[in-house]
Amino acid sequence: MSPVRPAFVAGNWKMNGALATNAALLEKLRAGLSVCKTMEVAVFPPFPYLDQAARLLSGATLALGAQDVSIHAAGAYTGEVAATMLVEFGCRHALVGHSERRSLHQETDALVAQKFGAAQAAGLIPVLCLGETLAERQVGETLTVVMRQLEAVLARYGVHSLANAVLAYEPVWAIGAGRTATPEAAQAVHLALRQQVALRDAAIAEKLRIVYGGSVKADNAAQLFAAPDIDGALVGGAALNADEFLAICRAVNP
Ligand code: 13P
């Protein structure tokens with residue numbers, strides 16, 4: 001974590017939630033987050049609950065994000081949700097290229113880049129997810145994969161698009177596995193990503209938040225956040241428990 005970059009901690013609820021449990025969770029987060037003033041915290045509920053979350057978070061410091069976004073503005077795209085719709089429902093961020101979208105919905109680097117552009121064009125801050133599979137890591141392909149995923153966006157929208165975006169390094173093998181990357185292994189990838197961006201624009205690289213995701217919990221967050229290029233976390237399972245998520249937020253300023 002570096003003082004030049006305010007930490008970003010986000011809870012990706014994935015396909016979890018219900019009106020009653022969301023209300024209880026958001027109420028606890030709202031009450032507990034008055035203590036975290038030097039960072040940004042966001043929640044990413046499923047689409048149908050964005051309206052509920054926006055109402056419950058009204059006036060709170062917690063931001064709202066969506067888990068995905070369409071590349072299209074409007075039209076005959078059954079099941080898709082446009083970026084402008086997300087803005088109308090109070091979203092500030094949108095995840096693009098989460099590994100579950102890439103693997104379960106065959107999203108390609110090119111499609112993810114288009115989603116990044118669609119989100120940004122509507123005024124959303126894209127959170128671009130990058131990460132290698134276990135098989136790719138085992139053959140030493142980690143950096144090749146994450147750089148390819150990053151380059152798809154840089155080639156299309158240029159380095160300036162990263163001035164208003166967040167990167168989330170989420171090694172696929174660490175997601176939901178109870179197995180997290182060591183702070184050293186994650187730091188090495190975060191630093192490499194920042195250096196890659198710095199080749200094009202050092203100032204943008206310095207300010208770019210690169211958060212880590214993959215089995216982040218209250219008991220490993222502080223060690224991860226101690227690494228200089230880890231600027232926060234994208235939290236899955238642990239974001240569904242208010243006490244656990246709040247403890248992760250507090251680990252930013254131990
Ligand atoms: P877990 O924290 O459950 O491993 O999920 C990480 C993730 O995919 C967040 O987007």
Side-chain angles (χ1 to χ4, degrees), residues 7-17 21-22 25 29 39-47 49-50 53 62-69 86 91-107 112 115-116 119 124-134 136-137 142 145-146 149-150 165-183 185-186 189-190 193 209-225 227 230-252:
F8 180 68
V9 176
N12 173 11
W13 293 5
K14 307 192 178 184
M15 201 176 73
N16 293 293
T21 52
N22 299 345
L25 175 56
L29 294 185
M39 60 185 297
E40 280 180 53
V41 182
V43 291
F44 291 68
F47 290 132
Y49 298 125
L50 288 172
L62 261 160
L64 189 61
Q67 297 176 17
D68 189 23
V69 61
L86 300 175
C91 286
R92 188 170 152 72
H93 304 88
L95 298 185
V96 297
H98 191 280
S99 66
E100 287 149 18
R101 303 289 320 168
R102 291 181 191 262
S103 66
L104 303 174
H105 300 271
Q106 291 76 44
E107 292 195 4
V112 171
K115 290 188 171 195
F116 180 102
L124 293 167
I125 298 169
V127 178
L128 173 64
C129 303
L130 317 162
E132 83 287 6
T133 63
L134 184 59
E136 288 163 340
R137 169 159 286 257
T142 298
V145 170
V146 297
Q149 293 169 335
L150 176 64
V166 173
L167 300 186
Y169 170 56
E170 297 206 306
V172 178
W173 46 271
I175 294 176
R179 164 165 64 161
T180 187
T182 63
V189 177
H190 285 227
L193 286 165
R209 263 94 55 88
I210 308 177
V211 303
Y212 169 80
S215 297
V216 177
K217 308 274 183 255
D219 63 9
N220 61 21
Q223 292 142 276
L224 288 160
F225 296 162
I230 298 181
D231 305 314
L234 183 54
V235 184
L240 300 172
N241 177 306
D243 293 332
E244 184 84 12
F245 189 66
L246 287 169
I248 293 169
C249 294
R250 283 194 207 98
V252 166

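Start at 1 and go down the list; that is how both ligands and their atoms are numbered.
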>> Could you identify the single nearest non-hydrogen protein atom to atom 5 (O) of ligand 1 and state the distance to 0.1 Å?
In response: Lys14 NZ, 3.2 Å
> In Å and rounded to the nearest 0.5 Å, what is the CD1 to OG distance from Ile175 to Ser99?
Replying inline: 3.0 Å
> Stepwise, does the side chain to side chain contact (heavy atoms under 4.5 Å, CB included) test hold for Tyr212 with Thr180?
Replying inline: CA-CA 10 Å; Tyr212 169 80; Thr180 187; 3.0 Å; yes
> At the 4.0 Å heavy-atom cut-off, does Gly214 count as touching ligand 1?
Replying inline: yes
>> Can you name the atoms of ligand 1, numbered from 1 with element, that are less than 4.0 Å from a heavy atom of Leu234?
In response: 9 (C), 10 (O)
>> Among all protein heavy atoms in this structure, tell me which lies nearest to atom 2 (O) of ligand 1, with the distance rounded to 0.1 Å.
In response: Gly236 N, 2.9 Å
> From Glu100 CD over to Glu170 CD, what is the distance, rounded to the nearest 0.5 angstrom?
Replying inline: 8.0 Å
>> Checking a contact table here: which protein heavy atom is nearest atom 4 (O) of ligand 1, and how many Å away?
In response: Gly176 N, 2.6 Å
> Which is it for Asn12 and ligand 1 at heavy atoms under 4.0 Å: side chain, backbone, both or neither?
Replying inline: side chain
> If you round to the nearest 0.5 Å, how far is CG of Leu95 from CG of Leu124?
Replying inline: 11.0 Å
> Ser215 heavy atoms, cut-off 4.0 Å: which ligand 1 atoms fall inside?
Replying inline: 1 (P), 2 (O), 4 (O)
> What is the ring orientation for His190 with Tyr169, classed by angle as parallel under 30°, tilted 30 to 60°, or perpendicular over 60°?
Replying inline: perpendicular
> Closer than 4.0 angstrom: is that true for some heavy atom of Gly213 and an atom of ligand 1?
Replying inline: no
> Parallel, tilted or perpendicular: which fits the ring planes of Phe8 and Phe44, with parallel below 30° and perpendicular above 60°?
Replying inline: perpendicular
>> To the nearest 0.5 Å, what is the distance between NE2 on His105 and NE2 on His98?
In response: 11.0 Å
> When rounded to the nearest 0.5 angstrom, what is the spacing between CZ in Arg102 and CG in Leu130?
Replying inline: 6.5 Å
> Any idea which protein heavy atom is nearest atom 3 (O) of ligand 1, and the distance to it?
Replying inline: Gly237 N, 2.8 Å
>> Give the atom numbers and elements of ligand 1 that come within less than 4.0 Å of a heavy atom of Ile175.
In response: 4 (O), 5 (O), 6 (C), 8 (O)
> What protein heavy atom sits nearest atom 7 (C) of ligand 1, and how far off is it?
Replying inline: Glu170 OE2, 3.1 Å
>> Does ligand 1 come near enough to His98 that some N or O of the ligand is less than 3.5 Å from an N or O of the residue?
In response: yes
